[in-house]
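Working notes for the structure below.
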Amino acid sequence: MNKLEDVARQVLERERARGCLAETTMDSLKRYVNQMLALAESAGFAEPCQDLYDAFAADDRGSTERRSMHVHVNKLVDAVAGTRAVNPGGMFYNEPDMPTAEEVEAAFGKAGLAGEGAGVLVVVARADAEMARFGLTQSTMGQYRHAWRELAAYLQVKNGSLLYDEAGIRAFADEARKDPRLPEWRRKIRRKASAVLVEVALTGTCEWRLEREGPRAPTEELEVLRADYIGFLRARNLAATTIGLQDWGLRRMLEFSGATTLDDVASFGADQVAAMVGGFSGICTTRSLSTALPVVRRALDYLGEAGFCRAGLSGLVMTPYSQRGGEVTFLPVDDEVRLVQSLQEESARDRAMMLLALRLGLRDSDIRSLRFDEVDWVHDRICLSQQKTGVPLTLPLVPEVGNAIMEYITGERPSSAAGYPYVFVREQAPHVKLTSLYTVCSKALRRSGAVGEEEGPAGMHLLRRTLARRMLEASVTHAVLGDALGHSNPESGKPYISLDSRMLAACALDLSGIGFPAWCGGGGRRA
């Protein structure tokens with residue numbers, strides 16, 4: 001008797017010992033077990049294994065009932081044999097036991113990091129405990145736990161073990177991104193669950209971030225080129241923001257050129273460069289083009305030097321002249337009044353954040369990062385360190401703003417965010433600091449009618465400039481204006497000069513002497 005036959009005998013004995021199956025049901029089960037043994041003998045399997053289970057599940061002969069029973073027999077055999085096999089749906093036939101809290105603590109050690117050779121289920125248990133801090137709903141946590149079980153089953157099939165494997169985890173997330181059978185929400189939850197697991201393994205904890213699919217080249221073949229370019233940029237020790245800009249430029253270039261293969265890139269010429277420039281012209285203002293087109297030239301230089309395309313193509317790209325300056329936009333008084341009135345229809349959180357920008361001139365980043373310990377209710381002031389410059393700033397907490405903040409804290413702020421240091425948090429779990437206020441501000445401005453649907457930027461900086469305009473109308477000096485707006489450099493106030501129409505009028509030249517005729521001799525010609 002081989003090992004598989006012994007396991008099959010134990011399966012039947014265990015099911016009969018349960019005493020809850022009718023004799024006809026036991027006969028049916030025995031028949032399907034014998035079918036597995038017959039398949040194993042013909043295919044040369046002497047013991048239970050993943051390949052045997054896969055072959056037996058596939059041997060359904062087009063019958064749903066037969067397939068269901070074969071999967072059921074696989075589950076029973078796997079439970080007795082302890083093979084940790086994975087079913088056709090990508091889940092374990094029998095879920096392995098999760099480690100205890102003591103086992104997790106021992107595996108992460110005193111340093112709070114996963115030790116070498118830690119099991120992936122240990123890291124999953126730690127990640128589950130860490131994410132409990134974010135106040136996610138039970139259904140959301142259930143989705144993460146399901147993704148982690150899928151990941152564990154994936155590693156079992158891929159590596160034959162449940163040891164933590166960062167490369168395997170990243171491969172699981174990457175395959176999810178490419179799988180057309182998965183709905184978008186499943187792909188996102190797999191990527192996020194994988195990212196959380198890696199972060200917990202490397203740091204012992206995790207911080208909530210909105211997980212978005214990273215940018216990629218138009219095709220997998222061009223993704224290799226993009227990876228080479230990013231490696232080249234990183235080798236030059238460029239800042240992450242600079243690398244991001246150059247990467248964006250390359251991806252857009254490939255998109256506008258219509259290239260899908262490396263051979264397409266190798267054939268780049270004047271027509272493709274013209275298509276690139278035309279593409280950028282369609283999405284950029286003149287000022288933005290003066291930033292984007294040098295990025296195109298740099299990328300073309302790299303492609304030529306690296307042998308991806310003909311050298312010298314960057315000389316076909318000319319940067320447009322863009323005069324810096326121009327008038328700074330702000331809200332007229334009527335639109336400001338309309339906005340303030342419409343804020344009563346917004347949530348308490350959004351109203352408080354908008355008023356902080358409109359009445360105190362705070363930047364988007366400073367509003368999002370405002371902490372409870374920076375609001376001095378006793379002395380009616382806000383004392384913070386600016387995110388942009390690091391320079392301390394103290395502003396009066398006027399009643400309109402203070403009341404709006406207090407209304408949010410006492411009546412709307414989620415109770416699960418108690419103890420979180422930042423005043424303003426996300427409305428949906430996890431209740432953590434916001435990442436941007438542009439959408440909040442632009443929607444409120446357009447709902448109020450203060451900014452039209454097709455008009456330009458409508459972020460918090462528009463409200464900050466509106467405050468500057470009101471201060472200039474009240475004859476506030478530029479020095480005081482700079483202090484109120486938190487400028488660390490006197491030059492920072494120059495863009496606001498265009499808001500002061502009276503100062504601009506005083507600077508205008510007298511043109512009264514221009515355009516009058518003057519006589520030179522008797523020829524009758526004007527000089």
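Just so it is clear, the structure is predicted and the values come from calculations on it, not from any experiment.
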Verify, without hydrogens or angle tests, whether D366 (side chain) and Q387 (backbone) share a donor-acceptor contact under 3.5 angstrom. yes
Quick one: do the Y154 and E175 side chains pair a donor with an acceptor below 3.5 Å? yes
Check whether any side-chain heavy atom of R470 lies under 4.5 Å from a side-chain heavy atom of V333, and answer yes or no. yes
Straight-line distance of Y229 OH to Y302 OH, nearest 0.5 Å: 8.5 Å
When you measure from the side chain of R133 to the backbone N and O of E130, does any donor-acceptor pair fall under 3.5 Å? yes
Main-chain N/O of L343 paired with R351 side-chain donor or acceptor, under 3.5 Å: yes
Rounded to the nearest 0.5 Å, how far apart are CG of L303 and CZ of F268? 7.0 Å
Decide yes or no for L434 and I367: does some side-chain heavy atom of the first lie under 4.5 Å from some side-chain heavy atom of the second? no
Passes side-chain contact (heavy atoms from CB on, under 4.5 Å), N74 versus N87? Steps please. CA-CA 8 Å; N74 283 344; N87 65 30; over 6 Å; no
Going through the checks in order, is the side-chain contact (heavy atoms from CB on, under 4.5 Å) test met by Y164 and I169? CA-CA 8 Å; Y164 174 82; I169 293 173; 3.3 Å; yes
Is any side-chain heavy atom of L222 closer than 4.5 Å to one of L262? yes
Using 30° and 60° as the class boundaries, would you call the ring planes of F280 and W248 parallel, tilted or perpendicular? perpendicular
Side chains of R363 and Q386: any donor to acceptor distance under 3.5 Å? yes
Counting C-beta onward and ignoring hydrogens, is there a side-chain heavy-atom pair between R447 and S342 closer than 4.5 Å? no
Using 4.0 Å as the upper bound for N to carboxylate O, is an ion pair formed by E336 and R359? yes
Where the side chain of S385 meets the backbone of G390, is there a donor-acceptor pair that is under 3.5 Å apart? yes
At what distance, to the nearest 0.5 angstrom, does NE2 of H461 lie from OG1 of T466? 10.5 Å
Between R349 (side chain) and V425 (backbone), is there a donor-acceptor pair under 3.5 Å? yes
Taking it one step at a time, do F172 and L155 satisfy side-chain contact (heavy atoms from CB on, under 4.5 Å)? CA-CA 8 Å; F172 171 76; L155 293 179; over 6 Å; no
Between the main-chain N or O of T260 and the side-chain N or O of T219, is there a donor-acceptor pair closer than 3.5 Å? yes
Salt bridge between D301 and R297, side-chain N to carboxylate O under 4.0 Å? no
What's the shortest heavy-atom distance between A484 and M471, and which atoms? CB-CE, 3.7 Å
Which atom pair, heavy atoms only, marks the closest approach of L121 to P96? CD1-CG, 3.7 Å
Side-chain contact test, heavy atoms from C-beta onward, threshold under 4.5 Å: evaluate it for L437 versus F424 and give yes or no. no
Decide, yes or no, whether a salt bridge links R368 with D364 under the criterion of side-chain N to carboxylate O below 4.0 Å. yes
Test item: D247 side-chain N/O and I243 main-chain N/O as donor-acceptor pair under 3.5 Å: no
Would the distance check show the side chain of R186 and the main-chain N or O of R181 forming a donor-acceptor pair, the cut-off being under 3.5 Å? no
Rounded to the nearest 0.5 angstrom, the CE-CG distance for M253 and L300 is 4.0 Å
Does a side-chain N-to-carboxylate-O contact under 4.0 Å join R226 and E223? yes
Parallel, tilted or perpendicular: ring planes of W148 versus Y144, cut at 30 and 60 degrees: tilted
Is there side-chain contact between T242 and L233, with at least one heavy-atom pair below 4.5 Å? no
Are the side chain of R338 and the backbone of A450 linked by a donor-acceptor contact shorter than 3.5 Å? no
Rounded to the nearest 0.5 Å, the CG atom of L395 sits from the CD atom of E374 at a distance of 11.0 Å
Does a salt bridge link R469 with E473, judged by any charged N lying under 4.0 Å from a carboxylate O? yes
Any idea which heavy atoms bring V198 and R170 closest together, and the distance? CG1-NH2, 3.3 Å
Centres of the Y422 and Y420 rings: under 6.0 Å? yes
Could you go step by step and tell me if M460 and M354 meet the side-chain contact (heavy atoms from CB on, under 4.5 Å) rule? CA-CA 7 Å; M460 289 292 186; M354 296 280 286; 3.9 Å; yes
In this structure, CD of Q272 is separated from CE of M276 (nearest 0.5 Å) by 7.0 Å
Between L197 and V124, is there a side-chain heavy-atom distance shorter than 4.5 Å? yes
Is there side-chain contact between D264 and L254, with at least one heavy-atom pair below 4.5 Å? no
Taking 4.0 angstrom as the limit, do D174 and K178 come out as a salt bridge? yes
Look at atom CD of E166 and say whether more than 12 heavy atoms of other residues, nucleotides or ligands are closer to it than 6.0 Å. yes
Among V86, V71, T83, whose side chain to side chain contact (heavy atoms under 4.5 Å, CB included) with Y53 holds? T83
For G249 and V295, which heavy atoms make the closest approach, and how far apart are they? CA-CG1, 3.8 Å
Taking R190 for its side chain and A147 for its backbone only, find out whether a donor-acceptor pair lies under 3.5 Å. no
Heavy-atom pair with the smallest gap, counting every atom of R67 and A57: NH1-O, 3.0 Å
For C441 versus L463, what's the shortest heavy-atom pair and its separation? SG-CD1, 4.0 Å
